[in-house]
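Here is the structure we will look at.
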Amino acid sequence: MAKGIIIYQSKYGSTKKYVQWLKEATGFDVIEAKKAKADTMNGYDTVVLCGAVYASGIAGISYLRKNKNALSGKRTAVFCVGASPYDDKALEEVKNHNLREDLKDIPLFYGRGAWDEEAMTFTDRTMCRMLQKSVGKKDPSEYEPWMTALMCAAGQKCDWTDKKYLEPLIDYIKQ
């Protein structure tokens with residue numbers, strides 16, 4: 001397997017959990033995005049960015065955007081983590097929002113994370129509750145998959161992390 005690095009940003013721990021599993025499976029080096037410098041990717045053949053999805057944005061994507069020239073000739077992938085179940089349409093929207101222009105050819109992979117309102121910051125918890133109130137006004141038969149997941153998780157502690165979500169990414173890395 002090529003020499004690789006995993007650059008990540010984790011707020012509540014699910015992304016970091018996936019990063020540890022990915023490190024075990026690949027032997028890649030690991031660094032937090034906030035500690036990564038412009039030359040961090042030098043000497044690596046493969047670069048994987050891992051970050052959670054917050055309001056359609058992928059945490060850490062700004063590092064790739066700022067350093068996109070350093071990605072030239074490297075096998076690059078993004079693995080994002082969210083509370084919603086896997087949904088092709090939603091993932092395509094996240095890709096279009098985050099991986100545009102020079103990053104549009106980077107493949108995007110997804111793993112389901114966790115939900116724990118008690119661990120959330122006041123701001124995150126408030127935003128989620130406002131979103132739940134808004135979604136709660138709709139007819140449940142019209143919910144999109146993420147809406148159903150949001151309403152079902154309310155007030156609960158859930159952990160949906162699973163190594164199986166890494167399999168497509170690992171297959172891509174090994175190509």
Side-chain angles (χ1 to χ4, degrees), residues 5-23 30-38 40 47-68 76-104 106-140 142-163 165-166 169:
I5 187 164
I6 304 163
I7 301 165
Y8 78 97
Q9 187 169 328
S10 184
K11 190 171 186 178
Y12 295 114
S14 294
T15 300
K16 191 169 185 176
K17 190 181 213 182
Y18 280 112
V19 167
Q20 293 300 57
W21 288 337
L22 187 58
K23 179 183 178 177
V30 173
I31 188 168
E32 285 184 81
K34 66 183 176 185
K35 294 178 182 173
K37 306 268 189 275
T40 296
V47 175
V48 179
L49 174 82
C50 297
V53 178
Y54 296 107
S56 298
I58 300 172
I61 201 73
S62 60
Y63 175 81
L64 287 189
R65 199 166 283 118
K66 284 184 221 167
N67 299 289
K68 60 187 168 193
T76 307
V78 173
F79 184 83
C80 62
V81 180
S84 298
Y86 181 87
D87 179 66
D88 284 325
K89 181 183 167 201
L91 193 59
E92 189 63 30
E93 289 174 11
V94 169
K95 181 173 173 81
N96 291 337
H97 181 76
N98 292 274
L99 299 173
R100 53 191 187 278
E101 299 162 7
D102 292 351
L103 303 179
K104 71 180 186 296
I106 296 175
L108 180 65
F109 301 89
Y110 182 80
R112 195 161 186 204
W115 179 271
D116 183 358
E117 291 176 24
E118 289 180 20
M120 290 180 190
T121 64
F122 174 78
T123 303
D124 288 348
R125 188 172 43 255
T126 302
M127 286 175 44
C128 287
R129 288 182 179 158
M130 287 172 46
L131 187 57
Q132 288 165 339
K133 282 184 181 180
S134 174
V135 170
K137 294 176 184 175
K138 296 180 181 248
D139 180 345
E142 296 175 10
Y143 284 179
E144 291 185 39
W146 70 266
M147 294 175 181
T148 303
L150 177 72
M151 299 308 283
C152 290
Q156 297 187 46
K157 189 173 183 176
C158 307
D159 184 350
W160 302 287
T161 56
D162 193 319
K163 289 181 182 180
Y165 290 113
L166 289 171
L169 173 59

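Here the structure is a predicted model, which means the values were calculated and not measured. Note: hydrogens, waters and symmetry copies are ignored here, and every other heavy atom, side chains too, is used.
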Task: Value rounded to 0.5 Å, distance of CD1 in I106 from NZ in K68 - done: 10.5 Å

- [ ] Might you point out which heavy atoms bring A36 and Y63 nearest each other, and give the distance in Å?
- [x] CB-CE1, 3.5 Å

TODO: May I have the step-by-step check of side chain to side chain contact (heavy atoms under 4.5 Å, CB included) for V81 and K17, ending in yes or no?
DONE: CA-CA 10 Å; V81 180; K17 190 181 213 182; over 6 Å; no

TODO: Using the side-chain contact (heavy atoms from CB on, under 4.5 Å) rule, pick out the option among V48, L64, V94 that qualifies with V78.
DONE: L64

TODO: Decide side chain to side chain contact (heavy atoms under 4.5 Å, CB included) for I58 and L108; before the verdict, give the C-alpha distance in whole Å, the side-chain angles of both, and the deciding distance to 0.1 Å.
DONE: CA-CA 11 Å; I58 300 172; L108 180 65; 3.8 Å; yes

TODO: Look at the side chain of S14 and the backbone N and O of A114, then say whether any donor-acceptor pair between them is shorter than 3.5 Å.
DONE: yes

Task: Inter-residue atom distance I31.CD1 - I6.CD1, 0.5 Å rounding - done: 12.0 Å

Task: Shortest non-hydrogen separation from A33 to I7 and the atoms involved - done: CA-CG2, 3.7 Å

- [ ] Keeping the roles fixed (side chain from R112, backbone from T161), state whether a donor-acceptor pair exists under 3.5 Å.
- [x] no

Task: Straight-line distance of E32 CD to T15 OG1, nearest 0.5 Å - done: 11.5 Å

- [ ] Give the intermediate values and the outcome of side chain to side chain contact (heavy atoms under 4.5 Å, CB included) for residues N96 and E92.
- [x] CA-CA 6 Å; N96 291 337; E92 189 63 30; 3.4 Å; yes

- [ ] Could I get the full list of ring pair (Phe, Tyr, Trp, His ring centres under 6.0 Å) partners for Y18, not counting sequence neighbours?
- [x] W21, F79

TODO: First locate atom CZ of F122, then atom CE of M127, and finally report the distance between them rounded to the nearest 0.5 Å.
DONE: 12.0 Å

Task: Closest non-hydrogen atom pair between L169 and A77, with its separation - done: CD1-CB, 3.7 Å

TODO: Check for a donor-acceptor pair, side chain of S10 on one end and backbone N or O of K16 on the other, with a separation under 3.5 Å.
DONE: yes

- [ ] Inspect the surroundings of NZ in K11 and state if more than 12 heavy atoms from other residues, nucleotides or ligands are less than 6.0 Å away.
- [x] yes

Task: Gap between atom CE of M130 and atom CD of Q132 - 0.5 Å precision - done: 11.5 Å

Task: Any donor-acceptor pair under 3.5 Å from Y54 side chain to G82 backbone - done: no

Open item on the list: Rounded at 0.5 Å granularity, tell me how far NZ in K104 sits from CG in N98.
Closed with: 15.5 Å

- [ ] Would you confirm whether Y86, through its side chain, and Y110, through its main-chain N or O, come within 3.5 Å as a donor-acceptor pair?
- [x] no

TODO: Could you walk me through whether L99 and I61 pass side chain to side chain contact (heavy atoms under 4.5 Å, CB included), step by step?
DONE: CA-CA 8 Å; L99 299 173; I61 201 73; 3.6 Å; yes

Open item on the list: With a 4.5 Å cut-off on side-chain heavy atoms, are L91 and C80 touching?
Closed with: yes

